[in-house]
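Only one structure is covered here, and it is reproduced in the block below.
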Amino acid sequence: MTQHNQYGQPIGFALPDWQPATFPPAVILTGRFCHLIPLQLIHAPALFAAFSLAPDDRDWTWLGASQPQSVAAMSDWIANKIGDSGLASYAVIDQVNQQAVGAVCFANIDVQNGAIEIGHVTWSPLMQRNVLGSEALYLLLQQAFVLGYRRVAWRCDSLNLASRRAAERIGFSFEGRFRQAMTRKQRNRDTDWLSIIDGEWPPIQQALSQWLAAENMDQHGRERQKLRSFFPAD
């Protein structure tokens, strides 16, 4: 029900106990198939090797950076992320071989308003079409809501359908498109925005945790039931 003030104007619902969220601390987030560890320069060789498994650089088309062509360039790419005080950057570590296979960040971190974004999502071929990417995002979502955030956002190039579908698959809702929001690599970019808010998180958390559980996902990451079967029917 819409609330009104003393002038009869509609206003947002009250948050009498609201306190600012916590900036993401540099801690390890542990899952069954991967864990997230604060990104460090020592991850450069493993990340360079993992990204080099791709036959070309098409996975970097919609990213701000170009694919690093050497370990030194990968170190520079990492240094830019860990040197940005507005990011909380993570390496995704495969539990099987204990090597970095991707990177991801919390970005646009607004502790005062409880809003945060999952961004800079950079998966190597070792994370594509398997459970690692979904579990990494689940760990970030879980951490964000534990830290008191009310909103977790996802944004992507409107032409990057794979990114939008990945977000929607794990429970993000499409909010809208900002036209001509950015220029990137001398091109126009329209930006699609998606989000999960705190009131939506409990059923999403339950669906993701049940999908990732040993009863559904074996030790090799093979699912018995697809993720969509754990979400309530529309």
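Everything quoted here is computed from the prediction, not taken from an experiment.
The minimum heavy-atom distance between A44 and S75, with the atom names listed, is CB-OG, 3.3 Å.
A donor-acceptor pair is defined here as one N or O able to donate and one able to accept, closer than 3.5 Å; such a pair exists between the side chain of R184 and the backbone of W62. No side-chain donor-acceptor contact under 3.5 Å links D110 to the backbone of G114. Remark: the backbone N or O of W211 is not paired with any side-chain donor or acceptor of Q225 at under 3.5 angstrom. Formation of a donor-acceptor pair under 3.5 Å by the S195 side chain with backbone atoms of I197 is not found in this model. Looking at D84, its side chain never comes within 3.5 Å of a backbone N or O of N80 through a donor-acceptor pair. Side-chain N or O atoms of Q99 include none that pairs as donor or acceptor with a backbone N or O of I93 at under 3.5 Å.
A salt bridge does not link R32 to E135: none of the charged side-chain nitrogens sits closer than 4.0 Å to a carboxylate oxygen. Between D192 and R164 there is a salt bridge, since a side-chain N of the basic residue sits under 4.0 Å from a carboxylate O of the acidic one.
Cation-pi check for R151 over W201 is not met; the charged atom does not lie both under 6.0 angstrom from the ring centroid and within 45 degrees of its normal.
A side-chain N or O of E117 and one of N108 form a donor-acceptor pair less than 3.5 Å apart.
Ring orientation note: the planes of F51 and W77 are nearly perpendicular, at an angle over 60° on the 30°/60° scale.
In this structure, CD1 on I78 lies 5.0 Å from CG on L39, to the nearest 0.5 angstrom.
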